[in-house]
Every structure is written in C-alpha cells, then in structure tokens.
Amino acid sequence: MADIREITDFSAPELDIYARRSEVQLLNRENPQEGIFIAESPKVIARALDAGYEPVSLLAASNELQGQAAGILDRCSSIPVYTAPFDVLTQLTGFQLTRGILCAMRRKPLPTMDSICAGVRRVAVLENIMNPTNVGAIFRSAAALNMDAVLLTDCCTNPLYRRAIRVSMGTVFQVPWTYVGPDWQQCLRSLGFQTAAMALKEDSLSLRDPRLTRAEQLAIVLGTEGDGLASETIARCDYTVMIPMTHHVDSLNVAAASAVAFWQLGSYE
C-alpha cells in the first residue's frame with residue numbers, strides 16, 4: 001500500500017527537491033552519485049521505472065491518487081507520496097503539474113561512449129545544444145526514427161532536466177546516451193563510424209546522397225542553436241550535409257532538422 005502523506009508544512013525539507021532546488025542543484029555536479037531528477041506525468045514516470053531508475057518520492061495531486069497516478073503508486077509502494085489539492089501543488093511548485101504527479105528519482109552512472117556505440121549503426125551527436133526543449137525534442141525524434149544512441153558534448157543541457165524529459169515524453173530513458181570528451185570524433189572513427197556534419201555550406205552533400213544512406217556506421221552531428229557547428233568540428237567530419245529546402249528558407253530549428261536527418265538516415269535495416 002502506498003505511503004500517503006498529506007502536506008501540512010510547505011517548508012518541510014523533503015519538499016525542497018520539488019519546490020526550492022534548481023536544476024543545477026538537483027544535478028549535483030560535485031557529487032553526481034547523489035544527483036536527482038524530476039519526472040513528470042504517469043507515462044514518463046513509468047518509462048523511467050521501466051529503465052531501472054530508482055524513485056525517491058512522489059508528489060501528487062490528491063484527485064489523481066485514484067486516477068491516472070494509481071498505477072504508479074502501485075509500483076512505488078515503498079516510498080513516500082506527498083499529496084495536496086492540485087491548486088495548492090501548483091502554488092508550491094510554481095508550475096502546473098502535467099497529469100498531476102511528479103516523481104523524484106536518482107540518477108544512474110553514465111555509460112561509456114564505447115559501451116553504447118559498440119555494434120550500433122546510427123548515433124546522433126549534439127554539440128553544445130543548450131535549450132532543454134530542443135534536447136528533449138531531439139531525443140523524441142531519435143527514439144522514433146531509429147537512432148541507436150545520442151552523444152552530448154560537455155556544454156549541452158542535461159537530458160534529465162525536467163523540461164527536456166517532459167518534451168521527450170520520457171524517451172530520454174529509452175535511447176542510450178552519454179557525455180563525451182573533446183576527442184569524440186577520433187573515438188567514433190576508431191569504432192568504425194563515419195561522421196556527417198549538418199551545416200549550411202554550399203559544398204555540402206544532399207541529405208539524399210547514397211554515400212550517407214549506404215554507410216555501415218554513421219554519426220549525425222548537430223550544432224548549437226544560432227551558430228551551428230564549430231568550424232573545427234565540420235573540418236574533422238567525413239561529410240558535410242545540408243537539407244534541401246525551398247522558398248528561400250535557409251535553415252531549420254535544430255530539433256526539426258534532426259527529425260528530417262534521422263528519418264532519411266536512420267537505421268532501418
């Protein structure tokens with residue numbers, strides 16, 4: 001049976017993770033083994049549980065306890081469930097809860113790049129993409145359109161930020177991912193990958209070029225909002241690729257561009 005605890009003291013320290021800690025504080029870079037993230041909505045929480053993430057506590061609107069949250073409560077019977085009316089929780093957290101439930105969960109150690117790239121055909125590389133909405137949307141496209149893994153450089157927004165998780169619909173728990181060091185291009189090459197930089201260059205290959213679709217192992221490299229990929233990154237890639245466009249449109253948002261590239265180049269065989 002779920003351990004239901006009615007919220008009476010809004011200053012209680014156990015509620016800090018929901019109401020008073022920033023994303024950076026939850027990440028806990030100094031002690032990553034103690035890092036926490038917040039998953040929102042029954043579907044997203046279920047995907048995190050399916051992926052083996054450990055729940056710490058739940059925060060749920062009282063009207064959801066017998067509704068959509070009931071299945072989650074059954075799976076998390078050993079942790080406290082803090083509850084209050086929906087409008088009270090909205091005041092406490094500062095935002096409206098999607099589907100009325102949040103779950104604080106422990107982060108897991110990140111896998112190595114070698115372990116998630118071994119034996120796969122298609123990976124996405126995100127270079128310095130900082131908008132959590134874009135990161136979440138890219139993960140959702142990666143899951144839907146046959147990317148085997150996602151690699152992120154150090155300056156990328158963490159995929160387990162609450163907004164990134166929510167926009168991804170929990171697919172950040174389904175697609176293997178990790179952060180990579182500055183030598184990631186060399187590492188990919190040693191693993192047998194060719195690299196395709198998505199960039200606005202006149203001498204780029206078309207996304208339809210058969211050299212890309214025939215590549216046995218291909219990494220699709222996407223750059224930061226606004227500036228795109230660093231020139232050094234482009235120079236070290238095997239191919240530079242541009243999406244054909246019409247009506248004098250010169251570029252797409254990085255999340256939209258990722259969906260187009262993944263659809264054309266995904267691992268469908």
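One is the number of the first residue; the rest follow in order along the sequence. Just so we're clear, the structure is a prediction, and the values are computed from it rather than from any experiment.
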Mind listing the closest non-hydrogen atom pair of [X] and [Y] along with its distance?
X      : Y      : value
Gln174 : Arg47  : NE2-NE, 3.6 Å
Ser22  : Gln25  : N-OE1, 2.8 Å
Met113 : Cys187 : CE-CB, 3.7 Å
Asn134 : Glu225 : ND2-OE2, 3.0 Å
Tyr82  : Leu15  : CG-CD2, 3.9 Å
Leu145 : Ala259 : CD1-O, 3.3 Å

When you compare the side chain of [Y] with that of [X], does any pair of heavy atoms fall below 4.5 Å?
X      : Y      : answer
Leu126 : Trp177 : no
Leu207 : Met198 : yes
Arg236 : Gln186 : no
Ser206 : Val241 : no
Phe139 : Val167 : no
Leu110 : Tyr179 : yes
Leu218 : Leu265 : yes
Arg5   : Val81  : no

Taking the side chain from [X] and the backbone from [Y], do they hold a donor-acceptor pair closer than 3.5 Å?
X      : Y      : value
Ser258 : Ile138 : no
Ser168 : Ile165 : yes
Glu216 : Arg121 : no
Tyr18  : Cys103 : no
Asp148 : Arg122 : yes
Glu23  : Arg162 : yes
Thr240 : Ala199 : no

### Query
Step by step, would you call Arg214 with Asp209 a salt bridge (charged side-chain N to carboxylate O under 4.0 Å, His left out)?
CA-CA 9 Å; Arg214 287 199 304 254; Asp209 193 291; over 6 Å; no
### Task
Give the C-alpha distance, both sets of side-chain angles, the deciding distance and a yes or no for ring-ring contact (aromatic ring centres under 6.0 Å, His included) between Phe37 and Phe173.
CA-CA 12 Å; Phe37 67 88; Phe173 307 122; 5.6 Å; yes
### Query
When hydrophobic residues are tied together by side-chain contacts of less than 4.5 Å, even through go-betweens, does Val150 share a cluster with Leu27?
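Different clusters.
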#### Entry: Same apolar cluster (I L V M F W Y, side chains within < 4.5 Å links), Val254/Val221
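Different clusters: Val254 never reaches Val221 through Ile, Leu, Val, Met, Phe, Trp or Tyr contacts under 4.5 Å.
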How long is the gap from [atom1] on [X] to [atom2] on [Y], to the nearest 0.5 Å?
X      : Y      : atom1 : atom2 : result
Thr224 : Asn131 : OG1   : CG    : 9.5 Å
Thr153 : Asn128 : OG1   : CG    : 4.0 Å
Leu58  : Asp3   : CG    : CG    : 10.5 Å
Glu127 : Leu151 : CD    : CG    : 12.5 Å
Ile220 : Phe262 : CD1   : CZ    : 5.5 Å
Ile17  : Leu59  : CD1   : CG    : 9.0 Å

For [X], does the [atom1] atom have more than 12 heavy-atom neighbours from other residues, nucleotides or ligands under 6.0 Å away?
X      : atom1 : value
Lys108 : NZ    : yes
Glu6   : CD    : yes
Arg75  : CZ    : yes

### Message
We want to know whether Asn158 and Arg107 form a side-chain donor-acceptor pair, criterion being a heavy-atom distance below 3.5 angstrom.
### Response
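Short answer, yes.
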### Task
For the pair Val125 and Leu152, evaluate side-chain contact (heavy atoms from CB on, under 4.5 Å) and give the outcome as yes or no after the intermediate values.
CA-CA 6 Å; Val125 182; Leu152 304 99; over 6 Å; no
#### Entry: side-chain hydrogen bond (donor to acceptor under 3.5 Å, both in side chains) between Tyr239 and Ser204, worked out
CA-CA 7 Å; Tyr239 306 110; Ser204 297; over 6 Å; no
### side-chain hydrogen bond (donor to acceptor under 3.5 Å, both in side chains) evaluation trace for Arg166 with Ser41
CA-CA 8 Å; Arg166 187 178 69 205; Ser41 85; over 6 Å; no
### Query
So Gln185 and Thr195, side-chain hydrogen bond (donor to acceptor under 3.5 Å, both in side chains) or not? Walk me through it.
CA-CA 8 Å; Gln185 286 175 287; Thr195 49; 4.9 Å; no
